[in-house]
Amino acid sequence: MGLLNNFILDNMKTLEMVGVLMRIFIFSLVSWLGPQSPFMFVWIFNTADAIILSWCSVLKKDRAYSLLNIFWIMVGLIGIARAGGLL
């Protein structure tokens, strides 16, 4: 876990930018496609960016962004379950 944390700390700005660009992309996709959006892909992609941004914010000890992005992970997991027909 230490190696992964060190990698994230060494590449924090890049990873945060990737996470933000992922979120912009996925919300743009949903905005353009509406009900025709590939919902499972959307939820998996959205949850992945939330994991990246959560990890960065936790390591930075930024409580507000940690809470926000951990919330998005939970929303994403529910979305994945709903898109997969589990809920």
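All figures in this text were calculated on a predicted structure; none of them were measured in a lab.
Nearest heavy atom pair, residue N69 against residue A50, reads O-CB, 3.7 Å. Taking all atoms of both residues into account, the shortest heavy-atom contact from W43 to G76 is CE3-CA, 3.7 Å. Between L53 and E16, the shortest heavy-atom contact is CD2-O, 3.6 Å. The two residues T47 and I73 have their closest heavy-atom pair at CG2-O, 4.3 Å. Considering all non-hydrogen atoms of both residues, G34 and S37 come closest at O-OG, 2.7 Å.
Separation of atoms CD1 (I80) and CG (L87) is listed at 11.5 Å; rounding is to 0.5 Å. Taken from CG in N5 to SG in C56, the straight-line distance is 10.5 Å, to the nearest 0.5 Å. From I52, atom CD1 reaches atom OG1 of T14 across 11.5 Å, with rounding to the nearest 0.5 Å. Distance check, rounded to the nearest 0.5 Å: CG of L15 to CE of M22 gives 10.5 Å.
Other residues, nucleotides and ligands place more than 12 heavy atoms under 6.0 Å from the CZ atom of F45. Counted within 6.0 Å of CE on M40, heavy atoms from surrounding residues, nucleotides or ligands total more than 12; the atom is thus considered enclosed.
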Yes or no on side-chain contact (heavy atoms from CB on, under 4.5 Å) for L29 and I26, after CA distance, side-chain angles and deciding distance? CA-CA 5 Å; L29 180 71; I26 209 64; 4.0 Å; yes

Please lay out, stage by stage, how W55 and L4 fare under the test side-chain contact (heavy atoms from CB on, under 4.5 Å). CA-CA 10 Å; W55 206 321; L4 192 52; 3.1 Å; yes

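Note on V18 and I24: separate hydrophobic clusters, where clusters join Ile, Leu, Val, Met, Phe, Trp and Tyr whose side-chain heavy atoms are under 4.5 Å apart, directly or indirectly. F39 and F25 fall within the same hydrophobic cluster, defined by Ile, Leu, Val, Met, Phe, Trp and Tyr side-chain heavy atoms under 4.5 Å apart, directly or through other members. In the hydrophobic clustering of this structure, F71 does not group with I78; members are Ile, Leu, Val, Met, Phe, Trp, Tyr whose side-chain heavy atoms approach within less than 4.5 Å, directly or through other members.
Taking the ring pair (Phe, Tyr, Trp, His ring centres under 6.0 Å) definition, one finds that F7 meets it with nothing, sequence neighbours left out.
Judged as a side chain to side chain donor-acceptor pair (under 3.5 Å), not a single pair has a partner in residues 70-87 (not counting sequence neighbours).
Just one of L67, D49, I70, L68 meets the side-chain contact (heavy atoms from CB on, under 4.5 Å) condition when paired with S54; it is I70.
Side-chain atoms of V42 and F27, non-hydrogen and from C-beta on, never get closer than 4.5 Å to each other.
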